[in-house]
Protein chains: 2
Amino acid sequence: MVQKSKRPPSAAKIEAPVAPKRRGRPRAYEPEVALGKALDLFRRDGFAATSLDDLSAATGMNRPSLYGAFGDKRELYIKSYQRYRDDARAAMVDIFRADAPLRERLERIYRIALDIYLSGESGPRGCFTVMTAASEAVSDPGIRTMVVEGLTELDKAFGICFRHAKERGELPEGADPAALAHLASATIHTIAIRARARVPRGELEAIVKGALDVLCAAK
Amino acid sequence: MVQKSKRPPSAAKIEAPVAPKRRGRPRAYEPEVALGKALDLFRRDGFAATSLDDLSAATGMNRPSLYGAFGDKRELYIKSYQRYRDDARAAMVDIFRADAPLRERLERIYRIALDIYLSGESGPRGCFTVMTAASEAVSDPGIRTMVVEGLTELDKAFGICFRHAKERGELPEGADPAALAHLASATIHTIAIRARARVPRGELEAIVKGALDVLCAAK
DNA sequence: GGAATTAAGTGCGAAATGGTACAAAAAAGT
DNA sequence: ACTTTTTTGTACCATTTCGCACTTAATTCC
């Protein structure tokens with residue numbers, strides 16, 4: 001692992017995965033985990049109510065380092081949101097692609113969603129997209145674009161699910177995959193909101209079950 | 001704190017509806033309209049991003065007057081939220097009570113909802129409950145209680161709708177009114193979120209139509 | 001007219017906030 | 001050893017924020 005010799009001039013190696021041998025003083029933090037901490041704060045308190053002092057304390061980085069690493073507060077917020085979406089997508093993409101019956105796929109999606117929304121030491125953290133949409137999206141065009149992307153991405157993923165299920169004959173002829181997808185997204189949104197209001201998981205699961213009964217039966 | 005401190009010994013009369021003949025200097029503002037202005041600000045920017053200076057400017061009241069009339073910022077926020085809920089309820093209660101076919105009732109409810117969410121000079125204002133749930137509900141028990149109340153109130157209103165429709169034979173025997181109600185609420189929530197992201201009304205109406213096709217399907 | 005009462009208006013102040021300048025520190029290159 | 005490069009850490013600044021004292025103004029009651 002310790003390929004410490006100087007870079008062979010001819011060898012066009014891929015970026016070394018470890019020990020990049022940077023030039024100056026080494027960082028005292030890991031950007032990934034610091035961003036994760038920032039994400040936690042933003043998710044709990046929102047943009048305006050999260051101060052740079054809070055972020056500094058949570059990440060262990062002092063403000064200038066924070067600024068140097070991620071840019072100003074808004075940039076850090078956006079990077080946090082991107083990170084959130086990457087994580088959420090990574091957690092769901094396999095299930096969306098899996099070749100399983102409709103109901104089973106949806107059940108797994110909602111289980112993941114509830115895990116995401118309900119986790120958190122100081123209360124359920126909800127959905128970053130919903131939080132951001134609710135507050136920042138009106139006034140910030142850049143953030144608004146990201147929110148719309150996030151919403152439509154989910155719509156599309158569900159849409160593929162339902163279209164696929166219909167082709168397989170799991171849904172009646174008259175079923176409208178797009179409409180069902182929007183209802184599936186709506187169910188995601190409603191449980192995200194309720195989770196934030198500390199509605200217990202059991203109730204949320206009941207709401208999901210009722211929704212699946214309607215969406216999968218759809219007759 | 002149960003008993004009112006000092007009560008006028010002789011005057012036990014009901015509050016006069018007009019010309020209350022108050023004692024000191026008259027107010028230079030009308031509490032109702034001032035609260036409305038505060039509500040507008042809170043809806044646009046959320047709790048943390050709305051400063052007392054903003055509120056003071058919008059209401060025309062200086063800070064001490066604001067404080068005297070409504071209490072501190074959090075109290076003003078809560079009163080604004082109550083006002084919002086009163087307004088929204090007033091706008092919908094007649095429709096919920098009306099004796100009309102299911103689909104028509106729902107269509108009217110969603111039309112009102114879209115009016116509420118999309119109005120606003122500086123962009124769509126969204127739903128106060130959704131905004132509040134997303135940000136303040138986790139950390140503030142009092143606000144959380146109000147949010148939960150608001151959510152369940154809507155669930156119940158929709159629930160009555162669907163139960164009534166089922167009794168009238170507008171829905172099939174197997175229909176689950178509670179599940180349908182949750183989906184109807186979820187549709188409210190999803191359009192509130194999308195409205196905040198400036199999704200145009202046409203798209204929101206299409207989502208509503210698709211949802212109604214499923215919820216009223218009753219095939 | 002004067003006391004009492006209620007609200008408006010000015011302005012203060014302590015704390016917090018976002019952002020940055022600047023020097024010290026830790027590593028690599030020469 | 002000395003320079004270069006990159007980051008850290010301290011300290012600071014201008015502004016904003018919330019809340020409140022205190023004075024002034026307007027009105028009713030006696």
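Below, read A as the first sequence line, B as the second, and so on, with proteins coming before strands; counting in each chain starts at 1.
Helix bend of the helix from C/dG1-D/dC30 to C/dT30-D/dA1: the angle between its two end axes, each built from five pairs, comes to 10° after rounding to 10°.
Cation-pi geometry between B/Arg85 and B/Tyr81 is satisfied (NZ or CZ under 6.0 Å from the ring centre, within 45° of the ring normal).
Rounded to whole angstrom, the span from the CZ atom of A/Arg25 across to the C1' atom of C/dA27 amounts to 9 Å. Going from atom CD of A/Glu30 over to atom P of D/dT8 covers 12 Å, rounded to whole Å.
Under 4.0 angstrom from either OP1 or OP2 of C/dA7 there lies at least one side-chain N or O belonging to B/Arg27.
Side-chain N/O atoms of A/Tyr84 and A/Thr129 include no donor and acceptor closer than 3.5 Å. Side-chain contact check for A/Ser56 and A/Asn62: no donor-acceptor pair (N or O, by modelled atom type) lies under 3.5 Å.
A/Arg105 has no carboxylate O lying under 4.0 Å from a charged side-chain N of A/Asp94, or vice versa, which leaves the two without a salt bridge. No salt bridge links A/Lys209 with A/Glu205; every basic N to acidic carboxylate O contact stays at or beyond 4.0 Å. Using a 4.0 Å cut-off between charged nitrogen and carboxylate oxygen, A/Arg194 and B/Asp155 count as a salt-bridge pair.
Using a 4.0 Å cut-off on heavy atoms, the residues of residues 47-75 of chain A that approach DNA chain D are A/Asn62, A/Arg63, A/Pro64, A/Ser65, listed by number.
Scanning atom types as modelled, one donor and one acceptor separated by under 3.5 angstrom connect the side chain of A/Arg23 and the base of D/dT4.
Dense packing is recorded around CZ of A/Arg201, with more than 12 heavy atoms of other residues, nucleotides or ligands lying under 6.0 Å away.
Positionally, the nearest nucleotide of DNA chain C for B/Gly24 lies more toward the 5' end than for the other of A/Pro26 and B/Gly24.
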- Task: Apply side chain to side chain contact (heavy atoms under 4.5 Å, CB included) to A/Leu215 and A/Phe162, showing your working.
- Result: CA-CA 9 Å; A/Leu215 297 183; A/Phe162 284 107; 4.3 Å; yes
